[in-house]
Amino acid sequence: MEKKKVLLGSPVCQKSNILREFLDSLTRLEQEDVCIEYIFVDDNHEEESSRQLLLFAQNKPVRLYQSVDKEKNPETYVCDDATHYWKEHLIWKVAKFKDFMIQKAIEGSYDYLFLIDSDLLLYPRTITHLIGTGKDIISEIFWTTWYPETPELPNVWLYDSYDMVRRLRGESLTPEEQMKRQQAFLNQLKVPGVYEVGGLGACTLISRKALLQGICFREIENLTLWGEDRHFCIRVKALGLDLFVDTYYPAYHIYRESALEGVSDFKKKCDADKGRLKERTNEKYLSVHRPKLTLSMIMKNEANRYLEKVLEEHRHYIDEAVIIDDGSTDNSVDLCRKILRGIPYQIIQNPVSKFQNEVELRKQQWEETVRTNPEWILNLDADEMFERKFKEKVQDLICNPDVDLYFFRLYDFWDDNHYREDKYWQAHSIYRPFLIRYRPDFQAEWNETPLHCGRFPKNITMLSYALGDMRIKHLGWSDPKDRLAKYLRYLQLDPESRYGWKEQYESILDPNPGLVEWEESPLR
């Protein structure tokens, strides 16, 4: 197989003792599957640093350019053991250097451009591994204590300038919830994987495909965000490209000279972890591993309704099932055992129904399900089923390492062929969570209400999520006698409409609802 051609680029204005370690790290990069060439812009103010670049270039394919700016503007970029001190004109000078490298990568027909700051050390397999992810723009993670006595933070973020709090647009969060969600994002990044992010920088692989679409670091003049990486990332998203971070091979950041003390340990870690990390990222292993999908369901007296129909459909894609039988007096349990024969399942039977306090029932469902050590949880009620194409697509969803939670639209069926859509019934206009990757470090928090509490913990939106295009058919309203039973139940459980919408309750028995004919999506 022909080796991929990579141009590794770095604008260099660096202290010589740090630059020495950076260049030594580059000499250790594996090149069995890649051919790496180098491009540096020498913007140094230390003669020793410029000499090191010249020595590095003597026996390697290096394009070395001198910065004209340092002659015109000799002002030094200042960094000390507290932090780095950037000025506006220095930022856009670096942006010009990076755009120059983009142009050289395009002109030289390179397969990839790898941009890296000159104070980072890499694992030897970093570049070959990043190429193996198949992403057009992906950074390797590194962690930095930006200011003394503050926590380490990553070189990636989710929104705006450096926002790491996962949220829905317009969602209002308390300071406490913001802290919890930020910590959840940081915890996720400490688990080896590939994750989609909103911003990245300093250690980034860019494919030729992305280079040719017009990406650049040039200033967007009507944008006040600080730093050339922010302007780059906004352009990338505007062009329809995505941004990712890899966390298998964290780089080491010599952000201040005191960090040189950790270089020796990092090199030892590279050697010690090489075999283990290589096995973890083995493409064959990743391609054959099929995540386990566990159906989680609550039921009560469903034998003569839709239980058989939905379970027969679920059999096509589930690996296990956990079912809470909430006080059934019919043969629902026997029907489950019959249909799920051959599939591992657990049925937990409540002698007395808990539905009058729904949050306790949902907590039980969650706890019993996670006790089985699931990988993915599909939470559907006994009258809910996906349209047919879900069974064709579900493996693609749960094999995606970048998403932990999927939202789908649910359609309330009013007969066998029509769903309801009018002033009071528009459930399908919003996306709701149904499919979640279980993470043992996730601490569930619940909406403590006895009705309409939600089927999942309320804090799941701190996980990485995506919207699915497969639709869910909610069959529970299809029969007039079921609608009457639900109407009477809501009157009993919520007579003052504290947890629901009074007008919607009353509309359940509307003799002329708005109905829309259902059209099944094509399988492919």
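If you're wondering where the values come from, they're calculated on a predicted model, not measured in any experiment.
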Heavy-atom pair with the smallest gap, counting every atom of [X] and [Y]:
X	Y	answer
Tyr424	Ser507	CB-OG, 3.5 Å
Thr461	Phe407	CG2-CZ, 4.0 Å
Trp376	Val403	CH2-O, 3.3 Å
Phe244	Asp402	CE2-OD2, 3.2 Å
Gly201	Phe142	O-CE2, 3.9 Å
Ser296	Thr369	OG-OG1, 2.9 Å

May I ask you to check whether Phe386 and Tyr317 place their ring centers less than 6.0 Å from one another?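 Between Tyr317 and Phe386, which both carry aromatic rings, the centre distance is not below 6.0 Å.
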Do the ring centers of Tyr123 and Tyr252 come within less than 6.0 Å of each other?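 No, ring centres 6.0 Å or more apart.
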Kindly indicate, with the supporting measurements, whether the criterion side-chain hydrogen bond (donor to acceptor under 3.5 Å, both in side chains) is fulfilled by Gln346 and Thr372. CA-CA 9 Å; Gln346 292 190 29; Thr372 66; 5.8 Å; no
Check whether the side chains of Tyr505 and Asp494 place a donor and an acceptor atom closer than 3.5 Å, and report yes or no.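 Yes - a donor-acceptor pair under 3.5 Å links their side chains.
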Validation row: [X], [Y] side chains within 4.5 angstrom (heavy atoms):
X	Y	answer
Leu463	Arg437	no
Glu506	Lys502	yes
Ser478	Asp383	no
Leu153	Tyr162	yes
Asn350	Leu361	yes
Cys336	Tyr345	no
Pro495	Tyr490	no

Just checking [X]: does its [atom1] atom have more than 12 heavy atoms from other residues, nucleotides or ligands closer to it than 6.0 angstrom?
X	atom1	result
Gln356	CD	no
Glu171	CD	yes
Asn304	CG	no
Lys4	NZ	no
Arg498	CZ	no

Check this for me, if you would: do [X] and [Y] make a salt bridge, where the nitrogen-to-carboxylate-oxygen distance has to be below 4.0 angstrom?
X	Y	answer
Arg439	Asp441	no
Glu313	Lys473	no
Arg362	Asp381	yes
Asp479	Arg305	no
Glu360	Lys354	no
Arg208	Asp136	no
Glu196	Lys237	yes

Full working for side chain to side chain contact (heavy atoms under 4.5 Å, CB included) between Asp163 and Leu158: CA-CA 6 Å; Asp163 187 343; Leu158 291 171; 5.7 Å; no
Could you tell me whether a side-chain N or O of [X] sits under 3.5 Å from a main-chain N or O of [Y], the two making a donor and an acceptor?
X	Y	result
Asp510	Asn512	yes
Trp143	Glu152	no
Thr204	Ser139	no
Glu387	Ser521	yes
Asp422	Trp425	yes
Asp325	Ser332	no
Tyr306	Met385	no
His253	Thr145	no
Asn155	Leu200	no
Glu520	Arg388	yes

Run the side chain to side chain contact (heavy atoms under 4.5 Å, CB included) check on Leu397 and Phe390 step by step: do they pass? CA-CA 10 Å; Leu397 300 182; Phe390 181 74; 4.2 Å; yes
From [options], residue fulfilling side chain to side chain contact (heavy atoms under 4.5 Å, CB included) relative to [X]:
X	options	answer
Phe434	Ile377, Asn379, Leu405, Ile472	Ile472
Tyr419	Leu410, Val516, Leu515	Val516
Leu311	Glu302, Lys338, Met297, Met299	Met297

Please work out whether the ring planes of Tyr411 and His428 are parallel, tilted or perpendicular, with thresholds of 30° and 60°.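 Ring orientation of Tyr411 relative to His428: parallel.
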Mind checking whether Phe413 and Trp518 have parallel, tilted or perpendicular rings, split at 30° and 60°?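 If you compare the ring of Phe413 with that of Trp518, the planes turn out tilted.
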Could you tell me the separation between the [atom1] atom of [X] and the [atom2] atom of [Y], rounded to the nearest 0.5 Å?
X	Y	atom1	atom2	answer
Leu225	Ile220	CG	CD1	8.5 Å
Glu384	His314	CD	NE2	8.5 Å
Arg167	Ser172	CZ	OG	9.5 Å
Cys453	Asn447	SG	CG	6.5 Å
Leu243	Phe232	CG	CZ	7.0 Å
Asp229	Phe217	CG	CZ	5.5 Å

Show the numbers, then the answer: is there a side-chain hydrogen bond (donor to acceptor under 3.5 Å, both in side chains) between Glu30 and Thr128? CA-CA 7 Å; Glu30 294 182 5; Thr128 54; 4.7 Å; no
Begin with the C-alpha distance, continue with both residues' side-chain angles, and end with the deciding distance and a verdict on side chain to side chain contact (heavy atoms under 4.5 Å, CB included) for Arg166 and Tyr159. CA-CA 8 Å; Arg166 199 177 298 281; Tyr159 312 109; 4.0 Å; yes
Hey, which of Lys180, Arg181, Lys458, Lys363 is the one that makes salt bridge (charged side-chain N to carboxylate O under 4.0 Å, His left out) with Glu445?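 The option that passes is Lys180.
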